[in-house]
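Following: one structure in structure tokens, then a few remarks.
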Amino acid sequence: MAKVSLRNVCKIYAGERGKDVTAVDDFNLEVADREFVVFVGPSGCGKSTTLRMIAGLEEISRGEVAIGDRRVNDVPPKDRDIAMVFQNYALYPHMSVYDNLAFGLKLRKYARAEIKKRVTDAAQLLGIEDLLQRRPKALSGGQRQRVALGRAIVRQPKVFLFDEPLSNLDAKMRVQMRTEIIKLHQRLQSTMIYVTHDQVEAMTMGDRIVVMKDGLIQQIDTPLNVYHHPANLFVAGFLGSPPMNLVGGRLAATPGGVIFKEKDGGTIQCRLAGYPQAEALADKEVVLGIRPEHLSVGAGAEPGMDRGFQAIVDVVEQTGAETSIYLQTRSSFLIARGDANLGNRDIGHRFTFEIDTEKVHLFDAVTTRRIER
């Protein structure tokens, strides 16, 4: 296996009327040997373009890509020792599963015995031994995806690249295949780079995740660090389901400490603990972030307390183990999550809610960067 290095990588497309379009800008990343890294972000953020530059399917405008100790900017895709798994499987419909798995090895003139061994080993690893004589049209979506994975595995490449491979599967199959790919990484101990717009895939699969927006890296860290310590407002709002609640307001210095007050005379206010520099930000615009799991129906709290406020229940979503409560205050819409016994009968009623002030985040309203505690 091998590490992958991207240094100041850019991708610029020629636009209309001489206006170039920058799809990826100054991308820097070191993927360690045997690491599983996930690129995540909304459509058009440049994650698939970056993956295709690593694969050699897109020309690099500026910068350098290295696989192992070898610079591969000008190396054809077939000579980079990588294997790519695509969103649409890209199987040959007229070939059997066995021939689909063996095709790349045959092109590289491997001996028949070696081809048979690699195909058999991959089929056993993926549990598709009984499908080797079928054609793709006779397979389910999950089975086709296993064949696509198997075709990459038989190559025994230095690096596996995945371009949204699960997006065409139904919800249950996505969960199953997500688990299979995680197990595959553990068994093969290989370097893997995975592209997705699905934040759940990113959070559950990657050793590290790279959050992208508009061709720029927003944050690189472990999934839990990104979730608990988002670098800016975009990361805070993008990762998390339901997403983080973001409320604009100002900080006010009081004898009892610094208090956040919602803008436009809103009803939300809370006393902030653990922000020694908050005094310096007093009377400046900030954005308060609170995860839905840290916002709950108040147990005896009264409006006007340091962390209690009233809101009207707009929608209640019950999924069995948890309940998502959509709230409306005077100026904001929020989501609370918990096991509260609220139901549709409570829609339109006013309740008191509490903020776990130890878990709030503050962001600079101008720079959008998170303010450290």
Assess whether side chain to side chain contact (heavy atoms under 4.5 Å, CB included) is satisfied between I268 and C270, documenting all intermediate values. CA-CA 7 Å; I268 297 175; C270 61; 5.6 Å; no

Are a donor atom and an acceptor atom from the side chains of Q133 and S96 found within less than 3.5 Å of each other? no

Any side-chain heavy atom of H197 within less than 4.5 Å of one from P42? no

Kindly work out whether a path of hydrophobic side-chain contacts (I/L/V/M/F/W/Y, heavy atoms less than 4.5 Å apart) joins F353 to I347. yes

Can L233 be reached from I217 by stepping across I, L, V, M, F, W or Y side chains whose heavy atoms are under 4.5 Å apart? no

Would the number of heavy atoms belonging to other residues, nucleotides or ligands and lying under 6.0 Å from CZ of R71 be above 12? yes

Which pairs pass salt bridge (charged side-chain N to carboxylate O under 4.0 Å, His left out) with one or both residues in residues 78-89, sequence neighbours excluded? none

Could you give all pairs that pass the side chain to side chain donor-acceptor pair (under 3.5 Å) test and reach residues 198-219, with sequence neighbours left out? E35-R208, R178-T204, Y194-E201, T196-E201, Q218-N232

Side-chain donor-acceptor pair present, N225, T222, cut-off under 3.5 Å: yes

Hey, what do you get for CG (L161) to CD1 (I82), rounding to the nearest 0.5 Å? 5.0 Å

Quick check against the 3.5 Å criterion: does E114 have a side-chain atom that pairs as donor or acceptor with the backbone of A111? no

Nearest heavy-atom contact between L51 and F162 is CD2-O, 3.5 Å

R118 side chain to V154 backbone, donor-acceptor under 3.5 Å: yes

Check the orientation of F238 and F234. Use parallel for under 30°, tilted for 30 to 60°, and perpendicular for over 60°. parallel

Validation row: F260, R271 side chains within 4.5 angstrom (heavy atoms): no

How many angstroms lie between CZ in R146 and CG in L125, if you round to the nearest 0.5 Å? 10.5 Å

Can you tell me if K47 uses its side chain to pair, donor with acceptor, with the backbone of G41 under 3.5 Å? yes

Whether the side chain of Q145 engages the backbone of P165 through a donor-acceptor N/O pair (distance < 3.5 Å, no angle test) should be reported. yes

So do the side chains of I209 and V37 get within less than 4.5 Å of each other, counting heavy atoms only? no

Between D163 and R52, is there a side-chain N and carboxylate O pair less than 4.0 Å apart? no

Less than 6.0 Å separating the ring centroids of F351 and F309? no

Within the structure provided, determine whether R155 and R108 are in side-chain contact (heavy-atom separation under 4.5 Å). yes

Run D283 and R250 through side chain to side chain contact (heavy atoms under 4.5 Å, CB included) and show every step you take. CA-CA 6 Å; D283 205 35; R250 289 179 179 272; 4.1 Å; yes

Side chains of S331 and K263 in contact at under 4.5 Å (non-hydrogen atoms): no

To the nearest 0.5 Å, what is the distance between OG (S140) and CG (L169)? 8.5 Å

For a 4.5 angstrom cut-off between non-hydrogen side-chain atoms, does Y227 reach R291? yes

So, do H294 and I355 sit near enough that their side-chain heavy atoms are less than 4.5 Å apart? no

Can you give me the closest heavy-atom contact between A336 and L327, atom names plus distance? CB-CD1, 4.4 Å

Is there side-chain contact between T179 and Q176, with heavy atoms separated by less than 4.5 Å? no

Checking the side chain of D99 only, and the main-chain atoms of L132 only, is there a donor and an acceptor separated by less than 3.5 Å? no

List the steps and the verdict of side chain to side chain contact (heavy atoms under 4.5 Å, CB included) for M212 and V210. CA-CA 6 Å; M212 297 183 66; V210 180; 4.1 Å; yes

Between Y98 and R134, is there a cation-pi geometry (under 6.0 Å to ring centre, at most 45° from the normal)? no

Whether the S332 and E262 side chains hold a donor-acceptor pair (N or O, under 3.5 Å, no angle test) is what I'd like checked. yes

Quiz item: cation-pi between K11 and Y13, 6.0 Å / 45°: yes

Can H349 and V313 be said to form a side chain to side chain contact (heavy atoms under 4.5 Å, CB included), step by step? CA-CA 6 Å; H349 289 75; V313 175; 5.7 Å; no

Would you give the length of the straight line joining atom CG of N168 to atom CZ of R174, rounded to the nearest 0.5 angstrom? 10.0 Å

Test ring-ring contact (aromatic ring centres under 6.0 Å, His included) on F103 and Y92; report intermediate values, then the result. CA-CA 9 Å; F103 184 71; Y92 298 107; 4.9 Å; yes

Is K117 salt-bridged to D121, cutoff N-O under 4.0 Å? yes

What are the two closest non-hydrogen atoms of H361 and P230, and how far apart are they? CE1-CD, 3.9 Å

Taking all heavy atoms of V366 and all of D364, pick out the closest pair and write down the distance. N-OD1, 2.7 Å

NZ/K183: more than 12 non-hydrogen atoms of other groups inside 6.0 Å: no

Report whether F86 and M53 are members of the same hydrophobic cluster (ILVMFWY, side-chain heavy atoms less than 4.5 Å apart, transitive linking). yes

Show me the donor-acceptor pairs within less than 3.5 Å that the side chains of residues 239-247 make with the rest of the protein, sequence neighbours left out.
unit_1	atom_1	unit_2	atom_2	d
N245	OD1	I335	N	2.7
N245	ND2	I290	O	3.2
N245	ND2	I335	O	2.8

Rounded distance [0.5 Å steps], CG in L216 versus CZ in F27: 10.5 Å

Please determine whether residues V85 and V175 belong to a single hydrophobic cluster, defined as Ile, Leu, Val, Met, Phe, Trp and Tyr linked transitively by side-chain heavy-atom distances below 4.5 Å. no

Under-4.0 Å salt bridge between R370 and E372: yes

Nearest heavy-atom pair of A122 and G150: which atoms, and what distance? CB-O, 4.2 Å

Take atom CG of D20 as the centre, draw a 6.0 Å sphere, and report whether it contains more than 12 heavy atoms from other residues, nucleotides or ligands. yes

Between G206 and P223 the two heavy atoms that sit nearest each other are O-CG, 3.3 Å

Are F363 and L288 linked, directly or through intermediate hydrophobic residues, by side-chain heavy-atom contacts shorter than 4.5 Å (ILVMFWY only)? no

First locate atom OG of S5, then atom NZ of K3, and finally report the distance between them rounded to the nearest 0.5 Å. 5.0 Å

